[in-house]
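Here is the naming used below: chain letters follow the sequence lines, and residue numbers restart at 1 for every chain.
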Number of protein chains: 2
Amino acid sequence: MRILIVEDDREVAGNIGKMLRESGHVVDMAHDGEDGLAMARDGAFDVLIVDRMMPRRDGLSMVSILREEGDKTPVLVLSALGEVDDRVAGLTAGGDDYLVKPYAPSELKARVDALARRRDPEALKTRLSVGDLEMDLLARTVVRGEEAIQLQPREFRLLEFLMRHAGQVVTRTMLLEKVWDYHFDPQTNVIDVHISRLRSKIDKPFETSMLHTVRGAGYRLSD
Amino acid sequence: MRILIVEDDREVAGNIGKMLRESGHVVDMAHDGEDGLAMARDGAFDVLIVDRMMPRRDGLSMVSILREEGDKTPVLVLSALGEVDDRVAGLTAGGDDYLVKPYAPSELKARVDALARRRDPEALKTRLSVGDLEMDLLARTVVRGEEAIQLQPREFRLLEFLMRHAGQVVTRTMLLEKVWDYHFDPQTNVIDVHISRLRSKIDKPFETSMLHTVRGAGYRLSD
DNA sequence: AGTGAGTCATGCGTATTCTGATCGTGGAAG
DNA sequence: CTTCCACGATCAGAATACGCATGACTCACT
């Protein structure tokens, strides 16, 4: 689940981001309305979290513009303004939900999940399986056949992404963005290294390999 | 799912009721605080939706009374008053959630679902056990194997939360919110310290450890 | 004032990740 | 069929981030 936080207060943005990352989402941030608008336009996010009052462009006008452009990404509007009129304004500008500060982190999380579910019911499942490989997102455990497999955090994210796209070729660029949060090419072989380590855990000890290299394109997980 | 709506405005009550019935719930109604109280007492409802301002008895005092009588049915408070203090009042009276009018029907539905989900049979149990570790919530005692273990209040809450989520990874954010009631990141290592103390009591003196660190994610209690 | 619980700050040790170099291998061209 | 090249795999060491323990401090309650 890719989430964009548009919030000028960096501390608040950081807190929200941290929490959402803990629940397994990939989080990007913008710190004013113009940047947010630009990122939302080409970002392909699943949910936007947008503050109302921000420098350069306020949150509501940003949302209005996106909607005029036909963008239907669910938006959660954050605001200190909780009056009826304010809430109505937030919703008519095209927001899907409106949360008044201060709010409980769990409330925010619940709303984001609700919005995300509306868009893609699959995305919130807590168990993934491909062939005899199973992953439990809540317990953070991985099992292949009868064997429990111990994974590092990054390996876990990597495998999760591969499993969510099982059977498809996953490019390096996709991995860099969704697993590493890099939006540029780090010119190193980080990916190769982690793929290698993942293989040594999920493929090496077993009869058949599931993680295949597709030369010139990327990798594919399948049984 | 049985739901009781306590709301004096019959039109509003009707609308809410209609919507909830459409989502497959069984809905009862009361139109003032006294009737609502009576029905809630013997009704065995799964969720109560209660308006604040009503004839004969206001919603908050109705909830307070139910709570004093030991009734733990989840309550969603509806109100036109949306100031922070009003929300706080609603929650301290024993409400589980607070929704300010006007609200989107879908928002109401989402909240009701959330409350219903929260009400799990686990919450009413007075004994928890994981492996050879047992906790008695009423007596406030903890035993591992044959050994009685003395815990501080905060340690007790921490362990309780971990036991209720045994086998799952519990994030720091979850702990801050549910055990400390912090709704922000205090930027300190309070959690680490208490986990450390808890370990010295429930793990150190024994052969096997139950409280595992999941780097980058949180902690998991399991045997 | 004294006690005890809870919180905060620091420094340490180590797990995890990244880097850069080297080695291996598939596929196209000759 | 062989050779060469580019891409990917692997390895080991370095850098980093993370979690842990300890002791000092604050606050509330006696």
Distance, rounded to the nearest Å, where K204(B) contributes NZ and dC20(D) contributes P | 12 Å
L4(B) side chain reached by V6(B) side chain, heavy atoms, under 4.5 Å = yes
With a 4.5 Å limit on heavy-atom distance, are the side chains of Y219(A) and V214(A) in contact?
-> no
In whole angstrom, give the distance that lies between atom CZ of R154(A) and atom P of dT16(D).
-> 16 Å
Whole-Å gap separating C1' (dC20(D)) and NE2 (H194(B)) = 14 Å
For the pair made of CG in D192(A) and P in dA9(D), what is the distance, rounded to whole Å?
-> 6 Å
Would you indicate what P153(B) reaches in the nucleic acid, counting non-hydrogen atoms under 4.0 angstrom: base, sugar-phosphate, or nothing?
-> sugar-phosphate
Calculate the interatomic distance between I191(B) atom CD1 and dG6(C) atom C1'; express it in whole Å.
-> 14 Å
Give the minimum heavy-atom separation between T141(B) and F156(B), together with the two atoms involved.
-> N-CE1, 4.1 Å
Compare side-chain N and O positions of T213(B) against OP1 and OP2 of dC20(D) and report whether any pair is under 4.0 Å apart.
-> yes
Atom CZ of R157(B) and atom P of dA5(C) are separated, to the nearest Å, by 17 Å
Nearest-nucleotide check on DNA chain C, V190(B) vs Q187(A); residue mapping nearer the 5' end is V190(B)
Check the angle between the aromatic planes of H165(A) and F161(A) and answer parallel, tilted or perpendicular using the 30° and 60° thresholds.
-> tilted
Quickly work out the Q152(A) CD to dT14(C) P distance and round it to whole Å.
-> 16 Å
Give a yes or no on whether the backbone of L221(A) and the side-chain of H212(A) come within a donor-acceptor separation of less than 3.5 Å.
-> no
Taking 4.0 angstrom as the limit, do R57(A) and E34(A) come out as a salt bridge?
-> yes
Between R172(B) and G218(A), which is nearer to the 5' end of DNA chain D once each is assigned its nearest nucleotide?
-> G218(A)
Look for any protein N or O under 3.5 Å of an N or O in nucleotides 23-30 of chain D and output each such pair with its distance, or none.
none

Is there a side-chain polar atom (N or O) of Y219(B) under 4.0 Å from OP1 or OP2 of dC18(D)?
-> no
According to a strict under-4.0 Å criterion, is T188(A) in side-chain N/O contact with OP1 or OP2 of dT19(C)?
-> yes
Its contact letters, B for base, S for sugar-phosphate only and - for none at protein heavy atoms under 4.0 Å, make nucleotides 25-30 of chain C read B-----
For Q150(A), does the CD atom sit with more than 12 other heavy atoms under 6.0 Å from it, leaving out its own atoms?
-> no
Donor-acceptor side-chain pairing of T213(A) and R199(A) below 3.5 angstrom = yes
In plain terms, say whether D181(A) and R21(A) are close enough for a salt bridge, that is, a side-chain N and a carboxylate O under 4.0 Å apart.
-> yes
Using a cut-off of less than 4.0 Å, is there contact between a side-chain N or O of W180(A) and OP1 or OP2 of dT17(C)?
-> no
Please state how far atom CD1 in I195(B) lies from atom P in dT22(D), giving the value in whole angstrom units.
-> 16 Å
Under 3.5 Å between N/O atoms: give me all the protein pairs with nucleotides 10-12 of chain C, atom names plus distance.
residue, atom, partner, partner atom, Å
dT10(C), O4, N189(B), ND2, 3.3

Is a side-chain donor or acceptor of R172(A) paired with a backbone partner of G218(A) at a separation under 3.5 angstrom?
-> no
More than 12 non-hydrogen atoms from neighbouring residues, nucleotides or ligands closer than 6.0 Å to CD on E11(A), yes or no?
-> no
Within the side chain of D46(A), is there an N or O that forms a donor-acceptor pair under 3.5 Å with the backbone of R2(A)?
-> yes
Does the side chain of R199(B) get closer than 4.0 angstrom to OP1 or OP2 of dC20(D) through an N or O atom?
-> yes
